[in-house]
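Ligands are counted one by one from 1 in listed order, and the atoms in each one are counted from 1 as well.
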Amino acid sequence: MALSIQLTRLGYTVILFEKEQYPFHKVCGEYISIESWDFLQELGVDLPAMDVSHITRLQVSAPNGKMLEQDLPLGGFGISRYVLDHRLAMIARSSGVTIEENTKVNDISFDGSGFTIATSKKNYRSG
Ligand SMILES: Cc1cc2nc3c(=O)[nH]c(=O)nc-3n(C[C@H](O)[C@H](O)[C@H](O)COP(=O)(O)OP(=O)(O)OC[C@H]3O[C@@H](n4cnc5c(N)ncnc54)[C@H](O)[C@@H]3O)c2cc1C
């Protein structure tokens, strides 16, 4: 989704195929390293407005009660994957990305001059 936004901003015509429909849930730890903060902001995700929680400490617990703890010098932030994906999808659409939802890609083939993308709805051609 991030790449689709970047490519569209560079002037490419982009279609993103998604077999599901936004917004939808994905299994995720919902921890993002702080290194990604500026990148997500540049894409248009307003993280301060989303009031994300900052994470600076890791704890791993075992069923017997033992606990490992470690400071995270760099740290990160916690964010709902559902909310982040939904926000990125909205930014992509408003940037000009065409998002084809409920569309499963079944095959991609190259014939020397371009690609044919066979989906559950129809075939697409990219040069
Ligand atoms: C259990 C788990 C926990 C994770 N926790 C974290 C975390 O806490 N922090 C972190 O930074 N990263 C985490 N990750 C990694 C992170 O989820 C991935 O790095 C990231 O999602 C990769 O993005 P992507 O766009 O390449 O793929 P995805 O986010 O997987 O997106 C691919 C999309 O393509 C769609 N799709 C698949 N096949 C087709 C098809 N044939 N046709 C059409 N659409 C299709 C899928 O529905 C999906 O929406 C976790 C991963 C897992 C599995």
* Asked: Quick one: side chain to side chain donor-acceptor pair (under 3.5 Å) pairs with a partner in residues 5-15, sequence neighbours left out?
  -> none
Put together the list of close N/O pairs, under 3.5 Å, between ligand 1 and the protein, could you?
from, atom 1, to, atom 2, distance (Å)
ligand 1, 5 (N), Gly29, N, 2.9
ligand 1, 8 (O), Gly29, N, 3.3
ligand 1, 8 (O), Glu30, N, 3.1
ligand 1, 8 (O), Tyr31, N, 3.1
ligand 1, 8 (O), Tyr31, O, 3.3
ligand 1, 9 (N), Tyr31, O, 2.5
ligand 1, 11 (O), Tyr31, O, 3.4
ligand 1, 17 (O), Arg81, NH1, 2.9
ligand 1, 21 (O), Arg81, NH2, 2.8
ligand 1, 29 (O), Lys26, NZ, 3.0
ligand 1, 29 (O), Arg81, NH2, 2.9
ligand 1, 31 (O), Lys26, NZ, 3.3
ligand 1, 41 (N), Val105, O, 3.0
ligand 1, 42 (N), Val105, N, 2.8
ligand 1, 44 (N), Lys19, N, 3.1
ligand 1, 47 (O), Glu18, OE2, 2.7
ligand 1, 49 (O), Glu18, OE1, 2.5
ligand 1, 49 (O), Glu18, OE2, 3.4
ligand 1, 49 (O), Lys26, NZ, 3.0

* Under 3.5 Å, is there a donor-acceptor pair between the side chain of Gln41 and the main chain of Leu47? -> yes
* Roughly how far, to the nearest 0.5 Å, is CD1 of Ile79 from CD of Glu30? -> 9.0 Å
* Asked: Can you list the residues that meet the salt bridge (charged side-chain N to carboxylate O under 4.0 Å, His left out) rule with Asp111, with sequence neighbours excluded?
  -> Arg125
* Asked: So, the side chain of Ser95 versus the backbone of Val97: is there a donor-acceptor pair under 3.5 Å, distance only?
  -> no
Donor-acceptor pairs are to be reported for all side-chain atoms of residues 16-26 against protein atoms at under 3.5 Å, with residues two or more places apart or in another chain.
from, atom 1, to, atom 2, distance (Å)
Glu18, OE2, Glu20, N, 2.9
Gln21, OE1, Asn102, ND2, 3.0

